[in-house]
Amino acid sequence: MPLRLHDTRRREKVEFKTQSPGKVGMYVCGVTVYDLCHLGHARCYIAFDLIHRWLEASGYDVDYVQNFTDIDDKIIKRSIESGEDWKVLVEKNIETYYEDMDSLNILRADHYPRCTEYVDSMIHIIEDLIQKDHAYTAEDGVYFHVESAPDKYGQLTGQSIDAVRQGAGGRVQGTGDTKRDHKDFALWKQAKPGEPTWPSPWGEGRPGWHIECTAMSLDHFGVSFDIHGGGHDLRFPHHEAEIFQSECHTGHSPLAGYWLHNGFVNIDGEKMSKSLGNFWTIQEIRKKIDPMVLRFALVNAHYRSPIDMNEQLLKDAQRNHSRIIDVYASALHGCTEGQVHNLPMADITSMNPLSKSLGLLEKMAEGFARAMDDDFNSREAVAKVLAATKELQRVLSMELDEGDSRAVANYAKVWLEETAGQILGILPSPEVVLAEPEEDPRRAEIAPKVDELLAQRTAARTNKDWPRADAIRDELAELGVVVKDTPDGPTWDFA
RNA sequence: GCACGGAUGUCGGAGCGGUUACGUCGGGGAUUGCAAAUCCUCUUACCUGGGUUCAAAUCCCAGUCCGUGCUCCA
């Protein structure tokens, strides 16, 4: 089944065809490194990581470019506020960016260009746009004249230029400066005293935001490439500005074969924003929960739909994620040295329970692939993994001889690694799964007391003194300890 | 105002012409001294009004409500 994906420009799911066979050029707008990354960044780069992984798994050679915007108004503002050199600020945030993304198991892109390295090409493009009458110089910089290419307006948002001619809801003051028309956007900004600058034919200054991506994508891919991605909010004006700049400069259309935009993250039903005070940085989240659980929660939604982050969602994610890990762990434990038998034929209609289970699992794997081929529907793919988890659990606990049970364990291991591991990226490495859990310092602290109480409770239970046994359990509950009775005796953990 | 999405069971959220989503919650059962954990199992649904069709949650038209964008933003 062919891969289909939703293209923002055409506003529908279309079959994926690359510009050159077997190769994919993918450009995703990166972060402006003036601050730490937040939940929204996590969502965006996990979404494109998933796309990256699935394209690779489907046999494409993906050239993935993701930029850093390392100079802009906010970086300058932040640098002035903190008294820190802007270059130091930028380096620090880029370092943390990598750290955050690594913790979320996001595979690295192939290139991370920084816009300050491309100022010369930006100047070159701007000169060309001026020459072609698509741009003009004003007192405080150079602007792109949107009315010079009206047919390119609204390609991603469907807004007509006539509607916007009326004035965008009266909310454009403050961006006016000396440009001719409120729709025009800055290509080059004249520097104010004390700001970092680059020389240009229009005096000392720095590039506008939109031109950066144009210069970098042009440099890496040429006039056109396959996939352009980014957050939903970047459709306008950023991505439409890119279309204006690139297509007017190169004369080639379209700039990108497919435009992909990920949905936003809300917190408890509200838009995540600094003014609402519900801004979660990845650094903060990492202190509270396993980043792999966060990844699970984000992968457990379609990349285009908005996601409402809340306690319930994380709790569900925690539970379902550990269910998968548990089965993976028992599969790993079952992969012992020794003879491995051939597994019976996978056959849904078989009377042999193992054969039938293998048939079901094969079908689920197919469903997984079908889901991913359908506009990277990881939500559906996760559902298949969860269903398979149940089935794998069943298979792993079947009464089998040694050779068979090794084969089954290996099958389960591979099944999960090829789906939840390689594609969804939610499986930790075998080393991590098999590692002895690190001793919680809190646990060591109260262990003697808990063990003492548990011994008393076991004695009470042996004597069938149930009120006494339950009283001890209540006492343990007050310490925040939950008791689990197993055939091998009681175990305990923190609630 | 314009543009783009969405409306599904207690809830979160898939499906998008005929078939079990998945999970949570709730009911029943197994297990247990009782619980917890685990496993099995059950009920319940497609915003409103028209239309197309043998068949609509799914397609078309109209309406209502909600979200987002139109300004820096993943």
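Worth knowing before you read on, the calculation uses all heavy atoms, side chains too, and leaves out hydrogens, waters and symmetry mates. Throughout, a chain's letter reflects where its sequence line sits, starting with A, and its residues are numbered from 1.
Rounded to whole Å, atom P of B/C22 lies 17 Å from atom CZ of A/Phe368. At whole-Å resolution of the value, CD in A/Gln159 and C1' in B/G69 are 7 Å apart. The nearest whole Å value for the distance from the CD atom in A/Gln318 to the P atom in B/U24 is 14 Å. Taking atom CZ on A/Arg319 and atom P on B/G13, their separation rounds to 19 Å, with Å as the unit. Computed from coordinates, the A/Leu314 CG to B/U24 P distance equals 16 Å when rounded to whole Å. If you measure from atom CD1 of A/Ile76 to atom C1' of B/C72, you get 13 Å, rounded to the nearest angstrom. Rounded to whole Å, atom P of B/C2 lies 18 Å from atom NZ of A/Lys183.
Between A/Asp73 and A/Lys192 no salt bridge is recorded (no basic side-chain N to carboxylate O distance below 4.0 Å). With respect to the salt-bridge test (charged N to carboxylate O, under 4.0 angstrom), the residues A/Glu147 and A/Arg180 do not qualify. Between A/Arg78 and A/Asp35 there is a salt bridge, since a side-chain N of the basic residue sits under 4.0 Å from a carboxylate O of the acidic one. The pair A/Arg108-A/Asp102 meets the salt-bridge criterion, with a side-chain N (NZ, NE, NH1 or NH2) lying under 4.0 Å from an Asp/Glu carboxylate O. Classification of A/Arg114 and A/Glu91 as a salt-bridged pair holds, one side-chain N sitting under 4.0 Å from a carboxylate O. A salt bridge links A/Asp470 and A/Arg473; the closest N-O separation between the charged side-chain nitrogens and carboxylate oxygens is under 4.0 Å. Salt-bridge annotation for A/Lys363 and A/Glu366: absent, with no side-chain N of the basic residue lying under 4.0 Å from a carboxylate O of the acidic one. With respect to A/Asp49 and A/Arg53, a salt bridge is recorded, a charged nitrogen being found less than 4.0 Å from a carboxylate O. Salt bridge absent: A/Lys74 and A/Asp72 never bring a charged side-chain N and a carboxylate O closer than 4.0 Å.
Atom name C1', nucleotides B/G9 and B/G51: the rounded distance is 27 Å, in whole Å. Across the C1' atoms, B/U71 and B/C59 are found 38 Å apart, a figure rounded to whole Å. One P atom belongs to B/C47, the other to B/U10, and the distance between them is 13 Å to the nearest Å. Comparing B/C46 with B/G13, their C1' atoms sit 13 Å apart, to the nearest whole Å. To the nearest whole angstrom, the two C1' atoms, one in B/U8 and one in B/C16, are 12 Å apart. Only the C1' atoms considered, B/G26 is 16 Å distant from B/A45, to the nearest whole Å. For B/A55 and B/U19, the P atoms lie 14 Å apart once the distance is rounded to whole Å. If you take atom P in B/G23 and the same atom in B/C66, they sit 33 Å apart, rounded to whole Å.
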Checking ring pair (Phe, Tyr, Trp, His ring centres under 6.0 Å) for the pair A/Phe376/A/Phe16: CA distance, chi angles, key distance, verdict? CA-CA 12 Å; A/Phe376 314 102; A/Phe16 183 56; 7.9 Å; no
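The two residues A/Leu187 and A/Ala135 have their closest heavy-atom pair at CD1-CB, 3.6 Å. Between A/Ala387 and A/Met364, the shortest heavy-atom contact is C-SD, 3.8 Å. When all heavy atoms are compared, the tightest approach of A/Ala241 to A/His210 is CB-CG, 3.5 Å.
Dashed line: the shortest gap from a side-chain N or O of A/Arg78 to OP1 or OP2 of B/C72 is not under 4.0 Å.
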Taking only N/O atoms, report every protein-nucleotides 4-12 of chain B pair under 3.5 Å with atom names and distance.
from, atom 1, to, atom 2, distance (Å)
B/G12, N2, A/Arg379, NH2, 3.3

Can you tabulate the close N/O pairs, meaning under 3.5 Å, that link protein atoms to atoms of nucleotides 42-47 of chain B?
none

So which protein N/O to nucleotides 15-20 of chain B N/O distances come out below 3.5 Å?
from, atom 1, to, atom 2, distance (Å)
B/G15, OP1, A/Asn377, ND2, 2.7

What string of B, S and - do you get for nucleotides 30-36 of chain B, 5' to 3', when a contact is any protein heavy atom under 4.0 Å? ---BBBB
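Pairing partner, B/G23: B/C11, with both Watson-Crick or wobble hydrogen-bond distances short of 3.5 Å. A 3.5 Å limit on both hydrogen-bonding distances identifies B/G29 as the Watson-Crick or G-U partner of B/C39. Pair check for B/C34 finds none; no Watson-Crick or G-U wobble contact set falls under 3.5 Å. Using Watson-Crick or G-U wobble geometry with both donor-acceptor distances under 3.5 Å, B/U48 finds its partner in B/A62. When both pairing distances are held under 3.5 Å, B/C4 makes a Watson-Crick or G-U pair with B/G67. Nucleotide B/G18 forms a pair with B/C54, judged by Watson-Crick or G-U wobble geometry with both contacts under 3.5 Å.
Of the residues near RNA chain B, A/Ala301 and A/Tyr34, the one whose nearest nucleotide (by heavy atom distance) lies more toward the 5' end is A/Ala301.
Residues that satisfy the ring pair (Phe, Tyr, Trp, His ring centres under 6.0 Å) test with A/His111, not counting sequence neighbours, are A/His220.
In this structure, the side chain of A/Asn377 engages the main chain of A/Glu380 through a donor-acceptor pair within 3.5 Å.
Within 4.0 Å of A/Lys74, counting heavy atoms only, lies at least one base atom of the nucleic acid. Among the atoms of the strands shown, base atoms are found under 4.0 Å from some heavy atom of A/Val265. Nucleic acid contact for A/Gly40: base, since at least one base atom lies under 4.0 Å from a heavy atom of the residue. Looking at heavy-atom distances under 4.0 Å, A/Arg468 makes no contact with the nucleic acid at all. As judged by a 4.0 angstrom heavy-atom cut-off over every strand, A/His238 is placed among residues making no nucleic acid contact. Within 4.0 Å of A/Thr8, counting heavy atoms only, lies no atom of the nucleic acid at all. Residue contacts shown for A/Asn320 are limited to sugar-phosphate atoms, with no base heavy atom under 4.0 Å away.
Non-hydrogen atoms lying under 4.0 Å from RNA chain B are contributed by A/Leu386, A/Lys390, all within residues 386-395 of chain A.
Look at A/Phe264 and the base of B/A74; the rings stack, centres closer than 5.5 Å and planes less than 30° apart.
None of A/Asn93, A/Thr32, A/Thr116 except one satisfies the side chain to side chain contact (heavy atoms under 4.5 Å, CB included) rule with A/Asp70; the exception is A/Thr116.
Side chain of A/Ala383, nearest nucleotide from B/A74, B/A21, B/U24: B/A21.
By the 4.5 Å heavy-atom criterion applied to side chains, A/Arg286 and A/Leu104 are not counted as neighbours.
Residues A/Tyr97 and A/Phe68 bring their aromatic ring centres within 6.0 Å.
With hydrogens and angles left out, the side-chain atoms of A/His302 and A/Asp375 include a donor and acceptor closer than 3.5 Å.
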